[in-house]
Amino acid sequence: MKRVARASVRQHILDVASELFYRDGIRSVGVDMIVEQSGVSKATLYRHFPTKDDLVVAYLEAQDHINWEHFDEVIARHEGSPKEQLLALIDATVELLEPGYHRGRHFLNALAEFSEEDHPVHLLAVEYNRAIRLRLARLSEQAGISDEKLTDQLMLVINGALSSVPVYGFAGPAAQLKELASHLIDLHWEKAKVKA
């Protein structure tokens with residue numbers, strides 16, 4: 001019984017901190033604010049998360065899990081069709097840009113706030129972006145598109161769309177992500193078919 005209660009307290013702290021980190025920025029949210037908003041003592045917070053960095057890493061790991069669960073679910077619907085899976089990954093990214101994400105994406109925000117290359121938060125954000133690039137490259141390769149330019153171009157339009165949301169909102173440049181990505185995929189798809 002205590003384990004369940006302990007796990008739910010940990011999750012409660014993480015949920016409160018995640019909302020604050022996303023809404024206000026990681027560096028601007030202090031432990032005192034998390035303690036106040038969560039209604040737990042500082043000792044309880046530190047029992048679950050020995051440092052603020054541990055809490056930030058847990059926040060990003062949870063978001064990583066949410067994103068990949070979403071991506072994998074959408075991609076699985078198009079099993080056996082790599083080009084459709086590639087387009088589905090773009091669709092899944094667009095779905096994550098819904099209006100509630102007024103501050104852009106969690107990992108780009110973390111990169112902006114933690115520029116120290118050896119900081120665990122920076123390393124986690126870099127790893128997430130590398131994993132996205134790797135998935136795009138694999139799906140492109142499986143679709144018969146071996147030109148790495150497509151992967152780089154897709155990363156540029158995805159990150160451009162993600163970073164534009166806080167400035168222009170969901171209906172601004174981010175709304176063009178699917179159309180631009182589809183155009184790039186079709187362009188490289190046609191080139192690959194000509195070469196084959």
Side-chain angles (χ1 to χ4, degrees), residues 18 21-23 26 57 59-115 117 121-196:
S18 295
F21 289 153
Y22 184 73
R23 187 188 71 204
I26 297 168
V57 166
Y59 153 68
L60 290 175
E61 286 174 341
Q63 192 59 49
D64 178 81
H65 177 75
I66 290 166
N67 290 1
W68 281 110
E69 192 173 72
H70 178 64
F71 294 153
D72 290 341
E73 180 185 315
V74 171
I75 289 169
R77 293 181 201 147
H78 303 280
E79 192 65 42
S81 179
K83 182 182 177 194
E84 292 305 315
Q85 288 181 320
L86 195 54
L87 290 165
L89 182 56
I90 302 301
D91 284 340
T93 302
V94 170
E95 288 170 12
L96 290 176
L97 285 174
E98 291 303 326
Y101 290 102
H102 62 282
R103 286 200 66 242
R105 296 302 302 145
H106 305 82
F107 291 94
L108 291 178
N109 293 345
L111 277 174
E113 289 194 61
F114 293 85
S115 60
E117 292 183 6
V121 173
H122 181 88
L123 293 170
L124 194 58
V126 167
E127 183 55 38
Y128 175 81
N129 280 282
R130 286 185 176 150
I132 293 284
R133 187 180 187 286
L134 182 60
R135 180 66 65 95
L136 288 168
R138 283 184 185 155
L139 290 173
S140 297
E141 185 74 33
Q142 290 168 3
I145 305 167
S146 58
D147 189 349
E148 282 193 31
K149 286 181 185 176
L150 174 60
T151 304
D152 291 339
Q153 291 167 356
L154 289 174
M155 285 301 293
L156 279 172
V157 295
I158 289 169
N159 284 329
L162 297 176
S163 62
S164 75
V165 172
V167 179
Y168 301 105
F170 182 69
Q176 304 302 313
L177 173 58
K178 184 175 180 179
E179 185 178 339
L180 278 170
S182 296
H183 174 71
L184 289 169
I185 292 165
D186 287 341
L187 185 68
H188 285 274
W189 173 265
E190 291 302 321
K191 276 187 195 176
K193 278 179 20 183
V194 169
K195 286 181 181 178

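Here the structure is a predicted model, which means the values were calculated and not measured.
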Let's go through L139 and I75 carefully: what are the C-alpha distance in whole Å and the side-chain angles of both, what is the deciding distance for side chain to side chain contact (heavy atoms under 4.5 Å, CB included) to 0.1 Å, and is it a yes or a no?
CA-CA 10 Å; L139 290 173; I75 289 169; 4.1 Å; yes
Here the side-chain hydrogen bond (donor to acceptor under 3.5 Å, both in side chains) pairs for residues 168-184, sequence neighbours left out, are D91-K178
Could I get the full list of salt bridge (charged side-chain N to carboxylate O under 4.0 Å, His left out) partners for E190, not counting sequence neighbours?
K193
Test your reading of the model: is there a side-chain donor-acceptor pair from H122 to the backbone of E117, 3.5 Å cut-off?
no
Would you name the heavy atoms of I26 and Y59 that are closest together and state the gap between them?
CD1-CE2, 4.0 Å
Summary of ring-ring contact (aromatic ring centres under 6.0 Å, His included) pairs that have at least one residue in residues 71-96, sequence neighbours excluded
W68-F71
N109 and F21, any side-chain heavy atoms less than 4.5 Å apart
no
How about L162 and N159: do any of their side-chain heavy atoms sit closer than 4.5 Å?
yes
Might you work through the side chain to side chain contact (heavy atoms under 4.5 Å, CB included) test for Q63 and L124, ending with a clear yes or no?
CA-CA 11 Å; Q63 192 59 49; L124 194 58; over 6 Å; no
Contacts of type side-chain hydrogen bond (donor to acceptor under 3.5 Å, both in side chains), residue H70, not counting sequence neighbours:
E95
Got a sec, which residues hit side-chain hydrogen bond (donor to acceptor under 3.5 Å, both in side chains) with R138, two or more places apart in sequence or on another chain?
none
Nearest 0.5 angstrom please: L89 CG to L136 CG, how far?
5.0 Å
When every non-hydrogen atom of S164 is compared with those of A161, the smallest separation belongs to OG-O, 2.9 Å
Compile the donor-acceptor pairs under 3.5 Å between side chains in residues 142-157 and protein atoms, sequence neighbours left out, one pair per line.
from: D147; atom 1: OD1; to: K149; atom 2: N; distance (Å): 2.9
from: D152; atom 1: OD1; to: R133; atom 2: NE; distance (Å): 3.1
from: D152; atom 1: OD1; to: R133; atom 2: NH2; distance (Å): 2.5
from: Q153; atom 1: OE1; to: H188; atom 2: NE2; distance (Å): 2.8

D64 and E127: side chain to side chain contact (heavy atoms under 4.5 Å, CB included), yes or no, with the steps?
CA-CA 10 Å; D64 178 81; E127 183 55 38; over 6 Å; no
For A125, all residues meeting side-chain contact (heavy atoms from CB on, under 4.5 Å), sequence neighbours excluded:
F107, A110, L111
Quick one: which residue pairs count as a salt bridge (charged side-chain N to carboxylate O under 4.0 Å, His left out) with a foot in residues 157-169, not counting sequence neighbours?
none
Would you please test I158 and L177 for side chain to side chain contact (heavy atoms under 4.5 Å, CB included) and show each step?
CA-CA 7 Å; I158 289 169; L177 173 58; 4.0 Å; yes
Residue list, side-chain hydrogen bond (donor to acceptor under 3.5 Å, both in side chains) with D186, at least two apart or on another chain:
K83
Apply salt bridge (charged side-chain N to carboxylate O under 4.0 Å, His left out) to E141 and list each qualifying residue two or more places apart in sequence or on a separate chain.
none
